[in-house]
Amino acid sequence: MLALLRNQKIRGILFQLLTVIGLVAFLWYIGTNTVANIEQRGIQTGFGFLNGTSGFGIDQSPISYTEEDTHGRVFIVGLLNTLIIAFVGIICATIVGLIIGILRLSKNWLIAKLAKAYIDFFRNIPLLLQILFWYNVVLRAMPSPKQSYSFFEIIFINNRGLYFPLPDYNTTFFAILASLLCALFGAIALNSWANKRKETTGDDFLVLPYALGMFILFPIVAYFVSGAHLDFSFPELRGFNFKGGKTLSPEFLALTFALTIYTATFIAEAVRSGIEAVSHGQKEAAASMGFSPYQSLKLVVLPQAIRIAIPPIINQYLNLIKNSSLATAVGYPEIVTVFAGTSLNQVGQAIEIISMTMLVYLIISLVVSAILNWFNHKMKIQER
Amino acid sequence: MAIYEKKQERKAPSSTKGATHWVRENLFSSPLNVALTFLGVMILFWVIPPFIKWAYINANFAGTTREDCVSGGACWVFIRMKIDMFMYGFYPSELRWRVNTIYGLFFVLAASFKYLKSPSIKLVLAHLYFIVGFFLVHGGFFGMEAVPTDKWGGLMLTIMVAAVGIAAAFPLGVILALGRASHLPIIKSISVTYIEFIRGVPLITILFMSSIILPLFFPEGMSFDKLLRALIGIAMFESAYIAENIRGGLQSIPKGQYEAADAIGLSYWQKMFLVILPQALKVAIPNLVGVSIALFQDTTLVLIIGLFDLLAMVRLSAADSYWLGYETEGYVFVTFIFWFFCYSMSNFSQKLEKRFNTNLR
């Protein structure tokens, strides 16, 4: 018996067996207690509540939603709002982060120090504090709708949000949208053609002016061809508030500002460390080949820096998506606010609602990390 | 064969050292650089003078009522009047010496760590500190008046949640990291599932889970304190992140170390605790400090489940009908405190990184 215990393999199996027994016993204990508690408190179970009428309003919804809609629809609205804030936040944070990261390496001493100060300041302040600051201090200090700040009487900002005009969805609008898409594909095609030509003949071809031309010319042509009829819905002050156009609520603005500013500090650091990780010898080699600083950056430094910087940046995207759940502190109607908040208060089925909410984030995380793994695999340096 | 054109000759630089040269090189070397410098000066000019004017020149420091705030700048009177709330929450004022004793003991502990060599004595002392701390703050023993946890609040609660969170999450994190690195398939998959599940969801949902669902898991009579529930959630959350950092440390240990430990006949636990973990933790320490900073910032989330940490206390004070309208001062004050703690910790971690770098060489 003792000899058996000294055998490493058998000990391993025994140890795992004990762990499994312990875990199952723990889960069983929790399970029976939960069932007993649910019965005792008369809590309903199952997902039937998703078909029940919610009875509360949501002030921002990308799809039609009324108080008569179901909790299932509340879930969808919350999910869509989460995806919207995540998408907007990721775009803004990437732009700001890239700029700050590059400025951080600027040869200009003052600018480099300012970028460092920005990073040191904002990454050391809790995100929730930043959200509350933007919401309670900055946006609440905006004037009332009647005294709104306006930019050329088209865009207005006041304590109810940001108002800007929106084109009506007619043929001209869609034609211009389509033409922009065509210009984008045209520019990509032209670029790959130019790269191929460069590889085979060594001749340079400047893509930029042609691409810009496409982006300007295509929409103009589309505008006239489709009937030159473009209507805008302008925000106008009627009574106590603005009507028409598009509104961004203070909650949305506060969340976007805070998520952007906070996440950008981490993206900037990722960009910086990516660029700094490219060994100095590479830059010297590029310079000794007679590359201009721009060529050296585009052809030698950036391709290597991107490989290093993108995985941490994608992790920051993931953090941003998870951090968007802090919206619940200011009441932007994303999934945690409306579903794990208001719906949970109404139906009280905590286990179902919280596990559904967690599942949403888990699925997003899995998808994002799948993308990350795919990218890492694709970018891996091909060695012997 | 390509023909190269000779570049235009340039004059030799007039100076290569001194302040003028430095300024020319770092601020005005090209038109773009000049533009950037002006932009930078503009930003500084736009941010700093108004802030100093608001926070210092026009600010009000003296007085006790809101009528003393007349000069239009910041009203620091508000902070002065509420500072006890920010520091201790609703902790009874005559018992606050207990909390202060804990702060004082911390410095004694830190000082003794500098002179003590043995890690096991340090470990015992640290545990002793936590136990004494709990008895002192909670009371209810040895004739000391008990202070229920719903009276705890402010900076004291923030620090406590962060410290207890890390202390409780650390051993769990070590076990999870060992589990993930283990060759036993079931142990490994349990650890991986736990870590990936926790890392995939926001802290808020874990806090909701621990505050709403956790009581359902245990029999009726077993009631958990609200603060304890939050601490369980935070420790569960942080342990996954700590585990991943320690795993990084474990992976950096050369295989030879494992083989050497096996060769001298150490058991698994001896091998891990005497040979591998001490080295792995040393590598992981800078990242672990990073986790601690993140946790310190994350403690603010407990306000969402109704605990009154520093941030919640400031919000509450600014909502006081007498001090209505002074929330800016409150937020600036918390910003300063959080920034101070987090920035010192991140500086500390950079120092650690440098120190360990020289050791490894």
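Each chain gets a letter, A, B and so on, in the order its sequence line appears, and its residues count up from 1.
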Of the non-hydrogen atoms in [X] and [Y], which two are nearest, and what is the gap between them?
X	Y	answer
B/Leu36	A/Ile111	O-CD1, 3.3 Å
B/Met209	A/Ile354	N-CD1, 4.1 Å
A/Ala329	B/Ile304	CB-CD1, 4.3 Å
A/Asn124	B/Cys342	OD1-CB, 3.4 Å
A/Leu132	B/Arg315	CD1-CD, 3.6 Å
B/Gly200	A/Ser365	O-OG, 2.9 Å

Close side-chain approach of [X] to [Y], heavy-atom, < 4.5 Å:
X	Y	result
A/Leu110	B/Leu44	yes
A/Lys107	B/Ser30	no
B/Leu216	A/Ile351	yes
B/Ile204	A/Tyr361	no
B/Asp298	A/Leu127	no
B/Val334	A/Leu129	yes

Interchain contact, [X] with chain A, by part (heavy-atom threshold 4.5 Å):
X	result
B/Leu32	neither
B/Thr205	both
B/Phe197	both
B/Leu203	neither
B/Val41	both
B/Leu301	both
B/Leu27	both

Mark yes when over 12 heavy atoms from residues, nucleotides or ligands other than A/Phe15 sit less than 6.0 Å from its CZ; otherwise mark no.
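Counting other residues, nucleotides and ligands, CZ of A/Phe15 stays at 12 neighbours or fewer.
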B/Lys271 NZ: over 12 foreign heavy atoms closer than 6.0 Å:
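Counting neighbours around NZ of B/Lys271, more than 12 heavy atoms of other residues, nucleotides or ligands fall under 6.0 Å, so yes.
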Less than 4.5 Å to any heavy atom of chain B: does that hold for the side chain of A/Phe122, its backbone, both, or neither?
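A/Phe122 has no heavy atom closer than 4.5 Å to chain B.
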Pick one of side chain, backbone, both or neither for A/Thr34, based on which atoms fall under 4.5 Å of a heavy atom in chain B.
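Contact with chain B involves both backbone and side-chain atoms of A/Thr34.
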Does the pair A/Trp109 and B/Trp22 meet the rule for a side chain to side chain contact (heavy atoms under 4.5 Å, CB included), with working shown?
CA-CA 10 Å; A/Trp109 179 86; B/Trp22 185 90; 3.5 Å; yes
For chain A, the option from B/Val314, B/Ile337, B/Leu311, B/Ile212 that forms the most heavy-atom pairs under 4.5 Å
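Result: the option with the highest number of such pairs is B/Leu311.
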Using a cut-off of under 4.5 Å on heavy-atom pairs, state which of B/Tyr268, B/Phe340, B/Phe208 scores highest against chain A.
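Greatest number of close heavy-atom pairs with chain A: B/Phe208.
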Listed by residue number, which members of residues 35-46 of chain A have a heavy atom under 4.5 Å from any heavy atom of chain B?
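Within residues 35-46 of chain A, the residues under 4.5 Å from chain B are A/Asn37, A/Gln40, A/Arg41, A/Ile43.
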Looking only at heavy atoms, which of residues 23-33 of chain A get nearer than 4.5 Å to chain B?
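The list, in residue order, reads A/Leu23, A/Tyr29, A/Ile30, A/Asn33.
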Output yes when a side-chain donor or acceptor of B/Trp339 lies under 3.5 Å from a complementary backbone atom of A/Asp120, and no otherwise.
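Flag set: sc B/Trp339 to bb A/Asp120 pair under 3.5 Å.
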Check whether any side-chain N or O of B/Glu196 sits under 3.5 Å from a backbone N or O of A/Leu366 as a donor-acceptor pair, and report yes or no.
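Checked: no pair found.
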In sequence, state the C-alpha distance, the side-chain angles, and the governing distance for B/Ile186 and A/Val20, and then conclude on side chain to side chain contact (heavy atoms under 4.5 Å, CB included).
CA-CA 8 Å; B/Ile186 298 178; A/Val20 172; 3.5 Å; yes
Looking only at side chains, do A/Tyr262 and B/Gln297 share a donor and an acceptor under 3.5 Å apart?
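Their side chains do contain a donor-acceptor pair, which is all the 3.5 Å distance test asks for.
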